[in-house]
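Data first, discussion second: the structure below is written as structure tokens.
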Amino acid sequence: MTLANKVIVLDFETTGLSPNNADRAIEIGAVKLIDGEIVDSFQELMNPGRSVNSFIENYTGITNAMLKEADSCEAVMTRFANFIEDFNLVAHNASFDKKFLDAEFEHCQQQYSGQFACSLLLSRRISQDAPNHKLGTLVEYHQLPNDGVFHRALADATMTAHLWNHQLQLLQQQLPHKAITFELINQISKRPKAQVSGYLQSL
DNA sequence: TGCCAGGCCCTCTTTAGGGCCTT
């Protein structure tokens with residue numbers, strides 16, 4: 001059984017919203033989390049082979065000049081494949097990061113075997129009183145550690161890791177005699193919001 | 001030529017529409 005607290009938490013910065021629209025990754029950041037401790041990290045810029053627009057430069061602080069000096073997406077993502085091994089994967093709005101991971105790994109013919117969990121879907125279910133479920137809002141709402149940097153890959157991945165740890169603690173408080181597994185979290189994340197409370201009580 | 005993300009989730013729903021989240 002795979003424990004929920006042995007995961008890779010990752011975040012992409014990209015040229016846009018969709019690989020289907022020829023968007024590419026420009027930065028990958030990730031932390032390796034074991035038993036709630038960050039034991040390793042990964043962050044690299046990558047050259048997408050095209051220029052990014054001014055919105056992305058302003059949003060991320062990653063400039064075309066920075067990307068021009070970076071290794072190719074294929075080179076960086078091949079190194080990232082070695083970093084994640086067979087760990088399960090966590091991201092905030094994981095559907096976004098998963099589609100870029102799938103697309104970039106296809107470009108460099110890499111594969112991964114872990115499953116994804118999504119801190120956004122989990123938050124919508126176990127933190128229903130939060131004002132919204134943006135990563136920055138949740139960091140403030142839960143008073144999680146941060147260094148004031150947002151929209152850079154390692155900073156966002158690290159904040160997501162703190163959020164993930166906090167979410168595991170919230171679940172463990174509600175289910176003190178239950179092992180909080182990755183599979184259980186994905187079961188909770190698939191439940192209709194209105195049924196989550198009853199589902200947790202049934203466990 | 002004209003289009004341009006897409007999965008999730010709620011509701012004034014399911015023969016649909018729109019807001020939320022990610023860059």
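In what follows, chains are A, B, ... by sequence order, proteins preceding strands, each numbered from 1.
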Can you tell me the distance, in whole Å, between the [atom1] atom of [X] and the [atom2] atom of [N]?
X: D102(A); N: dG7(B); atom1: CG; atom2: P; result: 12 Å
X: L101(A); N: dT22(B); atom1: CG; atom2: C1'; result: 15 Å
X: H92(A); N: dC8(B); atom1: NE2; atom2: P; result: 15 Å
X: D11(A); N: dT23(B); atom1: CG; atom2: C1'; result: 9 Å
X: L10(A); N: dT23(B); atom1: CG; atom2: C1'; result: 14 Å
X: H133(A); N: dG19(B); atom1: NE2; atom2: P; result: 17 Å
X: D97(A); N: dG7(B); atom1: CG; atom2: P; result: 15 Å
X: Y59(A); N: dC21(B); atom1: OH; atom2: P; result: 12 Å

Could you check which of [options] has an atom nearest any side-chain atom of [X]?
X: N93(A); options: dT23(B), dC20(B), dT22(B); answer: dT22(B)
X: S95(A); options: dC21(B), dG7(B), dC9(B); answer: dG7(B)
X: R125(A); options: dT23(B), dC9(B), dC21(B); answer: dC9(B)

Under 4.0 Å between any heavy atoms, over every strand shown, what does [X] touch: base, sugar-phosphate, or nothing? Just pick one.
X: D23(A); answer: nothing
X: L135(A); answer: sugar-phosphate
X: D156(A); answer: sugar-phosphate
X: F12(A); answer: sugar-phosphate
X: N132(A); answer: sugar-phosphate

Evaluate the side-chain contact (heavy atoms from CB on, under 4.5 Å) criterion for residues H142(A) and L163(A): first the C-alpha distance (whole Å), next the side-chain angles of each, then the deciding distance (0.1 Å), finally the verdict.
CA-CA 8 Å; H142(A) 295 299; L163(A) 174 62; 3.8 Å; yes
CE on M46(A) to OG on S72(A), rounded to 0.5 Å
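The CE atom of M46(A) is 9.5 Å from OG of S72(A), to the nearest 0.5 Å.
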Could I get the full list of salt bridge (charged side-chain N to carboxylate O under 4.0 Å, His left out) partners for K98(A), not counting sequence neighbours?
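Expected list: D102(A).
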I'd like a table of atom pairs between the protein and nucleotides 3-5 of chain B - only N or O on both sides, under 3.5 Å - with the distance next to each one.
unit_1	atom_1	unit_2	atom_2	d
dC4(B)	O2	N21(A)	OD1	3.4
dA5(B)	N3	K99(A)	NZ	3.4

Please measure how far the [atom1] atom in [N] lies from the corresponding atom in [M], and state the result in whole Å.
N: dG17(B); M: dC4(B); atom1: P; value: 15 Å
N: dC3(B); M: dT22(B); atom1: P; value: 29 Å
N: dG2(B); M: dT14(B); atom1: P; value: 32 Å
N: dA5(B); M: dT23(B); atom1: C1'; value: 11 Å
N: dC12(B); M: dC20(B); atom1: P; value: 16 Å
N: dC21(B); M: dT13(B); atom1: C1'; value: 22 Å

Could you check whether the rings of Y112(A) and F116(A) sit parallel, tilted or perpendicular, using 30° and 60° as the cut-offs?
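The rings of Y112(A) and F116(A) stand perpendicular, inter-plane angle above 60°.
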Sorted by first residue and then second, give each salt bridge (Lys or Arg N to Asp or Glu O under 4.0 Å) pair with at least one member in residues 40-53 of chain A; sequence neighbours left out.
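Residue pairs passing salt bridge (Lys or Arg N to Asp or Glu O under 4.0 Å), neighbours aside: D23(A)-R50(A), E44(A)-R79(A).
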Salt bridge (Lys or Arg N to Asp or Glu O under 4.0 Å) pairs, two or more places apart, involving residues 135-155 of chain A
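As it turns out, the salt bridge (Lys or Arg N to Asp or Glu O under 4.0 Å) pairs with a partner in residues 135-155 of chain A, which skip direct neighbours, are E27(A)-R152(A).
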Report the residues that fulfil side-chain hydrogen bond (donor to acceptor under 3.5 Å, both in side chains) with N20(A), sequence neighbours left out, ordered by chain and then residue number.
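Scan of N20(A) (side-chain hydrogen bond (donor to acceptor under 3.5 Å, both in side chains), adjacent residues dropped) gives none.
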Which sits closer to the 5' end of DNA chain B, R191(A) or L120(A), going by the nucleotide each is nearest to?
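Closer to the 5' end of DNA chain B: R191(A).
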Return all side-chain donor-acceptor pairs below 3.5 angstrom for residues 122-130 of chain A, not counting sequence neighbours, or 'none' if the list is empty.
unit_1	atom_1	unit_2	atom_2	d
S123(A)	OG	H133(A)	ND1	2.7
R125(A)	NE	I188(A)	O	3.3
R125(A)	NE	S189(A)	O	2.9
R125(A)	NE	R191(A)	O	2.6
R125(A)	NH1	L121(A)	O	2.8
R125(A)	NH1	S189(A)	O	3.2
R125(A)	NH2	S189(A)	O	3.1
R125(A)	NH2	R191(A)	O	3.2
Q128(A)	NE2	R125(A)	O	3.0
Q128(A)	NE2	K193(A)	O	3.3

